[in-house]
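See below for the structure under consideration.
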Amino acid sequence: MTRDSRRYPKRPILGVGALIFRHNRILLVERGKEPLKGWWSLPGGVLETGESLEEGIRREVREETGLEIKPVSLATIFERIIRDDKGRAEYHYVLIDYICRVIGGTAAAASDVSALEWVAEKDIGDYKLTEGSLPVIQAAFQTNQNRAVRPPRRTAAEPQPPPQPPPQP
């Protein structure tokens, strides 16, 4: 798909995005090309024909950031519709975002990204974010924090701690 065929599409275009955390910071990328050049968002892009969702998100993140990732869970599905001056849908994306973990590589801006940053939750407001990104990022921070404080689940195969005797009077 050429860049121009994304403008005024006949049908919505399917995209994938990655919510990647490191030390309680999320990875943001600055778009280096239109649409949305100069805006910050999640790494990701358009799914290619014949590519699974997981293959697409892994490829897009690798191309944009140099990182190898593994999708861990679905975060959200939402639409981004950008209208022209006359109200026509100039761009229309359906985006599927995944919480991902890094399994290799070194983070560096590449492909159509002009910069990348690991951003703390308190600093998110300092970035010019693409429409719809802020609530997705905020929800992902909440999910990430909940995972960090939740004790690990035991499986039936793991030994259970011995029962404690009742307290003595």
Side-chain angles (χ1 to χ4, degrees), residues 1 3-4 6-9 12-47 53-85 87-150:
M1 174 181 291
R3 293 255 177 230
D4 289 339
R6 293 182 187 185
R7 291 187 69 204
Y8 301 102
I13 298 168
L14 182 60
V16 289
L19 296 137
I20 306 168
F21 289 92
R22 182 180 78 181
H23 307 297
N24 212 23
R25 293 174 180 266
I26 194 163
L27 183 63
L28 295 180
V29 295
E30 184 180 36
R31 297 284 161 206
K33 297 180 180 177
E34 296 296 346
L36 305 171
K37 180 179 180 178
W39 289 74
W40 289 83
S41 66
L42 301 169
V46 173
L47 195 68
L53 292 169
E54 182 172 338
E55 290 167 343
I57 191 65
R58 292 173 71 132
R59 176 188 50 77
E60 284 290 345
V61 170
R62 183 176 46 256
E63 287 176 1
E64 291 184 356
T65 71
L67 293 174
E68 296 293 334
I69 54 97
K70 177 169 181 49
V72 175
S73 63
L74 176 65
T76 190
I77 300 172
F78 71 102
E79 285 182 293
R80 179 171 297 137
I81 302 171
I82 302 170
R83 298 194 181 275
D84 67 12
D85 297 349
R88 295 177 300 171
E90 185 173 0
Y91 297 95
H92 185 168
Y93 295 96
V94 175
L95 303 167
I96 303 174
D97 290 334
Y98 291 89
I99 294 178
C100 301
R101 68 179 171 88
V102 176
I103 58 173
T106 302
S111 182
D112 58 348
V113 170
S114 57
L116 59 80
E117 300 272 336
W118 293 98
V119 182
E121 184 174 16
K122 67 180 180 59
D123 299 325
I124 292 293
D126 297 342
Y127 292 79
K128 183 170 93 171
L129 295 173
T130 56
E131 181 182 339
S133 294
L134 182 59
V136 171
I137 292 167
Q138 289 171 327
F141 265 108
Q142 186 63 44
T143 299
N144 194 50
Q145 289 169 355
N146 288 344
R147 284 188 177 153
V149 298
R150 193 176 302 146

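Note that the structure is a prediction, hence the values are computed from the model and not measured.
- Residues Ala107 and Leu116 come closest through the heavy atom pair CB-CD1, 4.1 Å.
- The nearest pair of heavy atoms linking Pro9 to Ala89 is CD-O, 4.1 Å.
- Side chain of Glu64 to main chain of Gly44: a donor-acceptor pair is present (N/O by atom type, distance under 3.5 Å, no hydrogens or angles).
- Residues Tyr98 and Leu53 are in side-chain contact: their nearest non-hydrogen atoms beyond the backbone lie under 4.5 Å apart.
- At a threshold of 4.5 Å between non-hydrogen side-chain atoms, the residues Ser41 and Leu28 do not count as touching.
- Shown here for Ile99 and Ala75, the closest heavy-atom pair between the two residues is CG1-CB, 4.0 Å.
- Separation of atoms CD (Glu79) and CD1 (Ile77) is listed at 11.0 Å; rounding is to 0.5 Å.
- Taken to the nearest 0.5 Å, the CZ atom of Phe141 stands 10.5 Å off from the NZ atom of Lys122.
- Using a 4.5 Å heavy-atom threshold, the side chains of Ile57 and Ile96 count as separate.
- Closest approach of Cys100 to Pro71, counting heavy atoms only: SG-CA, 3.8 Å.
- Both cation-pi conditions hold for Lys128 and Trp39: the charged atom is under 6.0 angstrom from the six-membered ring centre and inside a 45 degree cone around its axis.
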Q: Start with the C-alpha gap between Val29 and Thr65, add the side-chain angles, then the distance that decides, and say whether side-chain contact (heavy atoms from CB on, under 4.5 Å) holds.
A: CA-CA 8 Å; Val29 295; Thr65 71; 4.0 Å; yes
Q.
Quick one, Val119 with Asp126, criterion side-chain contact (heavy atoms from CB on, under 4.5 Å). Give me CA distance, side-chain angles, the key distance, then yes/no.
A. CA-CA 10 Å; Val119 182; Asp126 297 342; over 6 Å; no
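- Residues passing the salt bridge (Lys or Arg N to Asp or Glu O under 4.0 Å) test with Asp84 are Arg88, sequence neighbours excluded.
- Atom OH of Tyr91 sits about 9.5 Å away from atom CZ of Arg6, to the nearest 0.5 Å.
- Heavy-atom minimum distance, Ile103 versus Arg58: CD1-NH2, 3.8 Å.
- In this structure, Arg22 contributes its side chain and Leu27 its backbone to no donor-acceptor pair below 3.5 Å.
- Between Pro43 and Ile20, the closest side-chain pair of non-hydrogen atoms falls below 4.5 Å.
- Note: Ile137 CD1 to Tyr127 OH = 11.0 Å, rounded to the nearest 0.5 Å.
- When each of Lys33, Lys37, Glu30, Arg31 is paired with Ser114, the side chain to side chain donor-acceptor pair (under 3.5 Å) condition holds for Glu30 and for no other.
- Take Tyr93 and apply the ring-ring contact (aromatic ring centres under 6.0 Å, His included) test, not counting sequence neighbours, and it matches no residue.
- In summary, Arg59 and Glu63 engage in a salt bridge, as defined by a charged side-chain N under 4.0 Å from a carboxylate O.
- To the nearest 0.5 angstrom, Trp40 atom CH2 is 9.5 Å from Leu129 atom CG.
- When every heavy atom of Asp97 is checked against every heavy atom of Val16, the shortest pair comes out as OD1-C, 4.3 Å.
- To the nearest 0.5 Å, atom CG of residue Leu19 and atom CG of residue Leu42 are 4.5 Å apart.
- Enclosure of atom CD in Glu131 is not indicated, since only 12 or fewer non-hydrogen atoms of other residues, nucleotides or ligands lie within 6.0 angstrom.
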